[in-house]
Every structure is written in C-alpha cells, then in structure tokens.
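Worksheet: the structure to be examined is printed underneath.
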Amino acid sequence: MTDGFGKGHHLHLIDGSAFIFRAYHALPPLTRRSDGLPMGAVAGFCNMVWKYLQDGKGSDQPTHAAVIFDHSARTFRNDIYPLYKANRPEPPEDLRPQFPLTREATRAFNIACIETAGFEADDIIASLACQARDAGGRVTIISSDKDLMQLVGGGVEMMDPIKAKPIGPEEVREKFGVGPERVVDVQALAGDSIDNVPGAPGIGIKTAAQLIQEYGDLETLLARAAEIRQPKRRQTLIDHAEQIRISKRLVELDCRMALDFSLESLEIREPDPETLLEFLTRMELRTLSKRVAERFGTEAPTLAEVAAPAASAEPVAPVAELPAIDRGLYVTIRDEATLAEWLAEISGQGVVAIDTETTGLDEMRAELVGVSLCTGPGRAAYLPLGHVDGAADLFGSGARAAGQMDLDRALAMLKPVLEDPSVLKIGQNIKYDWKVLARYGIRMAPLDDTMLLSYALNAGAHNHGMDELADLYLGHRCLPIKELIGSGKAQISFAQVAIDKASEYAAEDAEVTWRLWHHLRPKLAPNRVATAYERLERPMIGVLADMEMAGIRIDSEHLKRMSNAFAQKMAGLEAEIHELAGGPFNVGSPKQLGEILFQRMGLAGGKQGKTGAFSTGAEVLEDLAAEGHALPARVLDWRAISKLKSTYTDALPLHLNPETGRVHTSYSIAGAQTGRLASTDPNLQNIPVRTDEGRRIREAFVAGPGMRLVSLDYSQIELRILAHVAQIPALKQAFHDGIDIHAMTASQMFGVPVEGMDPMIRRRAKAINFGVIYGISGFGLARNLRIPRAEAQSFIDTYFERFPEIRAYMDRTVAGAKQDGFVRTLFGRRIMTPGINQSGPAAGGARRAAINAPIQGAAADIIRRAMIRMPEAVAHLPARMLLQVHDELVFEVEESAVPELVEAARGVMQGAADPAVRLDVPLIVDAGHGLNWAEAH
DNA sequence: AACTTCACG
DNA sequence: GACGTACGTGAAGTTC
C-alpha cells in the first residue's frame, strides 16, 4: 500500500477534530445569513485550512497531506472498556450540523479526507504515521493532542497548529517525564479523567513518570510492584494491575489498521478554484471567497448560482431508491380548483419540473396544447388547454375537446408561479418551453435545464436528448411520441391526441425531467463543472431565447431574383453537361456521375468508397478539371449553383415567420461537443461568404428601416488561445506586436523575411497553423496543400522544431485525456474523450479531437461569456443582438447609434476572458456595418 | 435512414 | 509497415 511513497516524501496528518473544536471555541457563534445555519466552526475551520495551505512555503513543505476525522463516538475501545469516554459531553447543539460541512470543506480544498467507522482519528493517524515512517518518509502530525505524542520519534514529529511550534522527543519528555516510547506507560498509570481512562488511583503524571524511570517500563513495574517502598503506592499498583493494563490498551494507539487507500493517493494537489469557490459561496463565507478568488485570479460565483432553491436545502435520496415511474399515477387537471392545489404545492416546494406540449416543433409558430408539471416522484399532472376533438377521421371535427380549462384563465393562474423568483422551473431543453410561454405572456425564471446539466457533465460522451438521458440515467424507456401522433404523412398534431393518452405522455416527460434533475444536479460540484454550468450554460438560455425571438429580416425578393438567375444558369450547364456526357442523366446524382466519369468515359483516378460508389467530391472533380476535362469542370459549376439555390435562395424564404416577417433560427446549446453553438431551422451559421456569388446571398440579410447591421468578429481567436495555452513565446510576441501571424510563422520556419514574402510560402504557413489546431497530420496537410506527403511531413517537423512548445502541449493534452477521460478548456468546460484509449486508426481521430477540443472550446467559452454580458452592456442603446457565428456576433441597431454599439460590444468581446482567465495575448475584434450582412462583414 | 456532398467557423 | 486522417457543425438531395 506504500506504492510511490517513500524517501524524500513528507506526509502531513491534520487532526480534523482538533481544528474544528479550536475553530468553534475561538469564534463567536456566526450564522449563515440566508438561513441561519450555524457556521462559526466551518468558517474557522476553512480559514485555518486556507492559512495552512498558504503558509509553509519552506523546504519543510509537505508532499502529501490528509485531514483525519473521528467517525462516530463508539469505537473498539468501548468493547475493551464500556465507560471509555463516557464522561465526554455531547458536542454542542450548534456544532453538530457543522461536522459534515467540515468534511465537505476538506474535500473542497482538495485535501484527502479520512474517517473510518469504529476507529478514532488518533488510530488512523497512528496507522498512517507508522506506514509512512516504515516506507522511509517523514511525518508531521498537526495537532497538540497529548494522546498522539506516543508516536513521536523515528521520523515522526508533531506540530502545534496554534503556536506553530514543533513537538519533538524533547518536548514530549518535558510533558511526560519520559521519552515518546514510554508515554503510553505513563498514561496508563496516570489515567485521564477527560477520556475516562481509569489508570491507577492517586497516581498522576509526575509519579507515573518517576516509577517508569525507575523500573524501565510498565510490565516490569507491575511485576516488581512488591518492591515499591511507599506502602500505599505499592498496594494501589498490586490491587489495580488489571485496570492499569486495560488503561494501557485504551491509550495505546492502533497503528496496524488496514487502509483502503494508498499513501501515494494523499499527494498534495492544488485546490480546484471552481469547486472550492462553489463551496465557500454556498457557505456564504464572503471574505474568504474573495480572498481565494483573488489568489486564483478568478471570480467567485454568486449565491444564486450555487444554490438553486431547494436543491441544496433538502438532501436528495439516490435515484435508485425512488419507485419506478408509473404512468397510472398521473393527474389530469381539468378545473381551477385542481390547478390551484397544484400551484400551491409547487409554491410550497419551490421547485417544479415543467414541459409544454404544442402543435409543432417551431417554437415561434407552435400553439400551446398543454402544460405538464411534476413536483416529485409519481407526482405529475397534465393541464390540457388546446386539445381538439377527432383524431378518429383524418380531419376531425376541429372542435375544442371537452374537459379543459379556459386557456386564458389557466395562463393567468400559472403566470405568477412560473415567474416567481423563488420557484425554480426545471425543463429538458427549457429554452423551447420558455419561448412558447413567452409568446403567451409568461417569462419563466429562474430556470434549470437537465439537457444542459447533462451537457456540462458529459459533453462528448453522448447526446443529451430526453429519451437518451432517461435510458442512460434512469433506466427508463419513455413513451415514444410516435405512438401518439404517428409518423410520416399520417402524422397528426398533438392537439388531436386524446387527452387521456396525452396526459400519460406529457406528465411522464415532466416526471422524467424532475428525476433527471434530481439525479444530475448534485453531480455538478463533485465533477467540478458547477461553474461551467452556471456561467457558460445556464445563462445562455435567456440570451439565446431573446436573439432567436428577435430574428433577422430577409429580403425575399432579392433571394427570389437570385433563384431565378440560378435556375437559368443551371439549365444551361445541365444541357452542356449532358452533351459532354453523351446523354441525359441526373447531374445531382453522384452515383450516376461516377459511373459516367470513370466507366463510360474511362477517366483515371476513380476511387470507390466502402459502399462501392465512385467518389465524385469536389476534390476529385477539381483534379480532373485541372487535367483539362470539361465535364467535371462544368459539374463543379453546376453543383456550386445548385447548392446555393437549394440550400439558401430557395430554402430561406420558407423560413420566414408570417407574424414577424423575419427568419428565426434556433440555436442548440448542447449540440456540439466542444461548447460551440449549432444553428438549425435554418442554419444561419453557414451562409456563404467564401465566393463572390455566395456572398451575394448575404445581401438578402437586411436591417429594418432606419437600422443597420453591425458585425463584430474575433481575429484569429483560436490561434491566440493556442499561443496562451501552449505558452509559445514567438506566437505570443507576434500577437502582442500585432504582426501578420502567418507571415511570422513562415518567416520563422523558412528563414525568409516578412517583407515581400512569397504569398505561396505564407499560404503554407497558414495551412500549418490551422492544421496544428486540428491535431496536424502529414496526410491532412499534404491533402490540404496538394503537396507530396513527405514534403508536408518535413514542414511539420520543421514547425515542431521551431515551436517545440506546441508538441509539448499536444502530448500533454493527449496524456491528460488518456488519464482522466476528458479534457478541459481554460474556463473549466469539460469535454469527455471516449475512445482516446482505443487502439488502431480510431485512436487517431480521438487524439485529434482531444487536441482540438480545449482550443475550439475555449474560443466558444469566450464568445459565450461575451454574449452573456452583452444585453446589459448595450441596454442603453437602440440595439439588439441577432446572430452568433462562432467567432462573430451580428447586431441590428439604429443608424445613429452604430459607433456607440461598436464601442460597447467590442469592449465586451475583447474583455470576455476577464477576469476568469488572464490571457497572455490580446483579443482583437474587427467590426463592420451596413444595410446588409454582406456590407457589415 | 444512410450516404454523399458542401456551406460555414 | 499499414492502417486512414485534418477539428467542429447542418441541410439538401439521392439511393436503398
């Protein structure tokens, strides 16, 4: 068990109980402001531990440490002597609730926290001390407890925590009159009234020491008791010999305890700032939180962020102990009285899981059909509001179904509870429900989201949809929505589902959500993702909901004109292509095209994939075109136009919302593995920009009357993050000096001056810079630059030689991922790396993903932080944030306020890393504005 | 529903 | 020495 611990190591064993009692008695009876929980001992304890961690910067620095606590009052000593410690008073009433918190505090400080049932802290300390000493290490026991003094010597010493004074053999001799090895003999004779160790009546420390000095040890003394000259003393020792032997067994510490952990595992680790701050904030220890935050150069979370109502107040039973989900228990709310009862229960609990049912998936258009609520296991209800009769025939009667509350009345009753700041609303992807309800005049707050909890905990490990989470965490299969509304052409609206059936489905969703929350919420802090959730995930709900609901104006006419022009061009190209191919075929079919190119025309370079089809991707066609073949060149032209037409000019107008006249995308917060957002329905993050023709589509994204679009984007943010995390001096310097980063790289690599550089050389350096972010490979670079693989590899070798820190960063990151199963961004976001320990080709992909994730993820974190701060920063301006495209934010602002907006938004974006992370490189934001997105970009 | 292709950062 | 590769997305169209 002593693996990895030995010579040169120094173990500190801290007597936790001593710290607690000392703290308790030294401080006035402080209480937690929010709920009056006594906090004096916890406060004192935390201050002492913090001080302990900050002090001791000498050569005496421990390498390993643990805090040891007593587990329970009853120990094996009570079997030896039932009255042992029977005199000891119960700990004060206001101290008892603080015991578990001090354990939590210890863990929050990232110090090993040890307690074992049936053993006193002293025995654990003794066992650890002996084992560490036997392994050849040094031990210091942080305590002034005399019962521990028997352990001193042979590499073990004590330290008085208050006086900061070492206690060695000399000090022990001073106290007991004998050396450490005979301390138990003296204690056995003298007894201890506090611990109720009987000893020998009438004999104290002084006499005991004198006797032991004279006879050598206790057994000799007892054997030769008859020789004692003083009659009374002689008689006492003879009469109480057995009692003295029992006393010795009581005071003698057991150093042979089997430990279920290794000494090595006690190695000192730096506290994790976010876990520690989460704890200190929850304890409401403001001064210490501030001090700790300063020390780590970060910020303490707010109380609201760490303590969701009822989440911490009520200890929750493990999910395994909950009864299975039973759809038979659900209630259908059909009248005011029942709804009032449920709302009262929700208000009383301070927390509710909620789910809305609607007529469709587009939350900007869907109508509310019903609301389900859950307050605990088996306590779920469905409130039908918009069901219609008749799923029986295809059309139904369309009449409102019977047995439903009036919609307006129900909303009026729900509103105060759903907007009550003291009632937490939990949802699965609650942004959806928030937007639906917002359209009915209800702005829910505060919020928790099980999808985001899962994402904060396990991004990269799996997806975060409800069915998947229910299966994964609750072992429960949800009723498939298809069983209610069907699929394909025959699909009906949820409004047409019979209310009974709908109740089962909807209430189950609410209950699953409640259970997921119950299961996932407590996992945040132990997994050290509480801050990531609170600062990077949860605040996005409201920010994105506002952006999505604002939408962006589209010039449909412009798109329509482009579509027409594209159609004409495509028709011409199609005719040409058919001519070249020697007959008509579907140009949009890669399969048919492949057969024509590589079989009918017999061109070389045909490669079949795993499905047996020829690859006809742009790369292949470009190569063929470069060889002078006309057909592939025409097909490339056709495809470019086809893409623009079908995906953009034709599709975008279909997304216009008839009520707002704008296009409303939806951002998924938990879609990408790295923390990036993803935009869907429509995707506004892949609007063309790279070609002139494509860029014209951006002209259709326009500002409202009297308004302008403003676009601000981070310059080279990922390379800047790389420079910081990998600590590359040349890169950092270049960003400080504001010079062309790719030219600098080329100059360093190929030894050419930046002035008058060949654009080809710069292009190569640029490709390598990007390659590094992606987890570079010779093959990938070769393909990108279209150069021989050997040449690409030699570039990479040169690059690593010139910037060795990058290789070190990559190795470090992969090693960390292999060990932990995840990587983290600068801001604490965790990205799981399943497959990193696989072997074979699959491992390569996992490696590259692990290298890329902290960089792409940190960039995502930074723009999220900017977005979260943005509403307040631009509140005084006639401006709205509309879009996010990974490193770009698009605003709509009144023309006159453009300069102020640019200044305010740029300030927020450039400072977005602060104060959580002090980047070694500046963040630079470029800005533009105009009547449309093409002009603004 | 899977596959291919291609738009973006 | 070969494996198969640049990282992260979403949508449209074809094919099965």
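Hydrogens, waters and symmetry mates play no part in the numbers below; they use all other heavy atoms, side chains included.
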*Should we say atom CZ of A:Arg847 is surrounded by more than 12 heavy atoms from elsewhere, each under 6.0 Å from it?*
no

_Whole-angstrom distance between C:dA6 and B:dT5, as gauged at atom P_ = 13 Å

*For A:Glu718, answer base if it contacts any base atom (sugar-phosphate contacts may also be present), sugar-phosphate if it contacts only those atoms, and nothing otherwise; contact means non-hydrogen atoms under 4.0 Å.*
nothing

*Counting only side-chain N and O atoms of A:Ser589, is one of them less than 4.0 Å from OP1 or OP2 of C:dG13?*
no

_From C:dG8, B:dG9, C:dT5, nucleotide with atom closest to A:Thr674 side chain_ = C:dG8

*Is A:Ala767 touching bases, backbone alone, or none of the nucleic acid, heavy atoms closer than 4.0 Å?*
base

*Looking only at atom types and distance, does a side-chain atom of A:Gln599 sit under 3.5 Å from a main-chain N or O of A:Gly594, one as donor and one as acceptor?*
no

_Rounded to whole Å, please give me the gap between CG in A:Leu684 and P in C:dT9._
18 Å

*Can you tell me how far P of C:dT9 sits from CD of A:Gln685, to the nearest Å?*
11 Å

_Counting the atoms with a prime plus P, OP1 and OP2 as sugar-phosphate, which does A:Phe770 contact under 4.0 Å by heavy atoms, base, sugar-phosphate, or nothing?_
nothing

*What is the nucleic acid contact for A:Ser642, judged by heavy atoms within less than 4.0 Å: base, sugar-phosphate only, or nothing?*
nothing

*Does B:dA7 have a Watson-Crick or wobble partner in any strand here, with both distances under 3.5 angstrom, and which is it?*
C:dT9

*Using a heavy-atom cut-off of under 4.0 Å over every strand shown, decide if A:Ile773 touches base, sugar-phosphate, or nothing.*
nothing

*asked:* Rounding to an integer number of Å, can you tell me how far A:Gln838 CD sits from C:dT5 P?
replied: 15 Å

*asked:* By the 4.0 Å heavy-atom rule, please label A:Gly844 as base, sugar-phosphate, or nothing.
replied: nothing

_What's the closest nucleotide to the side chain of A:Pro688 if the choices are B:dC8, C:dC7, C:dG10?_
B:dC8

*A:Leu654 CG to C:dA11 P: how many Å, rounded?*
13 Å

*Within the modelled atom types, does a donor on one side and an acceptor on the other bring the side chain of A:Arg676 and the base of C:dT9 under 3.5 Å apart?*
no

*Would one find a side-chain N or O of A:Gln592 under 4.0 angstrom from OP1 or OP2 of C:dT15?*
yes

_For a quick check of understanding: with a heavy-atom distance under 4.0 Å over all strands, which category does A:Ala860 fall into, base, sugar-phosphate or nothing?_
nothing

*Of the candidate nucleotides C:dC7, C:dA6, C:dA11, which contains the atom at the shortest distance from the side chain of A:Lys643?*
C:dA11

*Hey, is the side chain of A:Arg690 poking within less than 4.0 Å of OP1 or OP2 on B:dC8, counting only N and O atoms?*
yes

*Tell me: CZ of A:Arg789 to C1' of C:dA6, nearest whole Å?*
12 Å

_Please report the distance separating the P of B:dA7 from the corresponding atom of C:dA2, rounded so that it comes out in whole Å._
34 Å

*Does OP1 or OP2 of C:dC16 have a side-chain N or O of A:Lys591 closer than 4.0 Å?*
yes

*With a non-hydrogen cut-off below 4.0 angstrom, is A:Ala618 in contact with a base, only sugar-phosphate, or nothing?*
sugar-phosphate

*Decide whether A:Glu888 and A:His937 meet the rule of one side-chain donor and one side-chain acceptor closer than 3.5 Å.*
yes

*When we call it a touch if two heavy atoms are under 4.0 Å apart, what does A:Arg847 touch: a base, just sugar-phosphate, or nothing?*
nothing

*A:Ile851 and side chain to side chain contact (heavy atoms under 4.5 Å, CB included): which partner among A:Arg812, A:Gln856, A:Met810?*
A:Met810

*Whom does C:dT15 pair with, Watson-Crick or G-U wobble, provided both distances fall under 3.5 Å?*
B:dA1

*On the 0 to 90° scale, with breaks at 30° and 60°, tag the A:His742-A:Phe770 ring pair as parallel, tilted or perpendicular.*
tilted

*So A:Phe598 and A:Phe614, would you call those rings parallel, tilted or perpendicular, with 30° and 60° as cut-offs?*
tilted

_If only side-chain N and O atoms count, and only distance matters, is there a donor-acceptor pair under 3.5 Å linking A:Asp797 with A:Gln793?_
yes

*Does a nitrogen or oxygen in the side chain of A:Thr616 sit under 4.0 Å from OP1 or OP2 of B:dT5?*
yes

*Any idea which of C:dA6, C:dA12, C:dT5 is nearest the A:Tyr774 side chain?*
C:dA6

*asked:* I need the CG-P distance between A:Leu781 and C:dC7, as an integer number of Å.
replied: 13 Å

_Any side-chain N or O of A:Arg848 below 4.0 angstrom from OP1/OP2 of C:dT5?_
no

*Roughly, in whole Å, what's the span from CD in A:Gln856 to C1' in B:dG9?*
8 Å

*Sugar-phosphate only, base, or nothing, as touched by A:Gly775 at under 4.0 Å among non-hydrogen atoms*: nothing

*Does A:Asn686 make a side-chain N or O approach to OP1 or OP2 of B:dC6 shorter than 4.0 Å?*
no

_Checking contacts here: which listed nucleotide (C:dA11, B:dG9, C:dG8) is nearest the side-chain heavy atoms of A:Val689?_
B:dG9

*Check every strand shown and say whether A:Asp887 touches a base, only sugar-phosphate, or nothing at a heavy-atom separation below 4.0 Å.*
sugar-phosphate

*So what does A:Asp681 hit on the nucleic acid, given a heavy-atom distance under 4.0 Å: a base, only sugar-phosphate, or nothing?*
sugar-phosphate

*C:dA12, C:dG8, B:dG9: which one has an atom nearest the side-chain heavy atoms of A:Thr647?*
C:dA12

*Send over the distance from A:Leu677 CG to C:dG10 C1', rounded to a whole Å.*
14 Å

*Do A:Arg639 and A:Thr616 get their side chains close enough for a donor-acceptor pair, meaning under 3.5 Å?*
yes

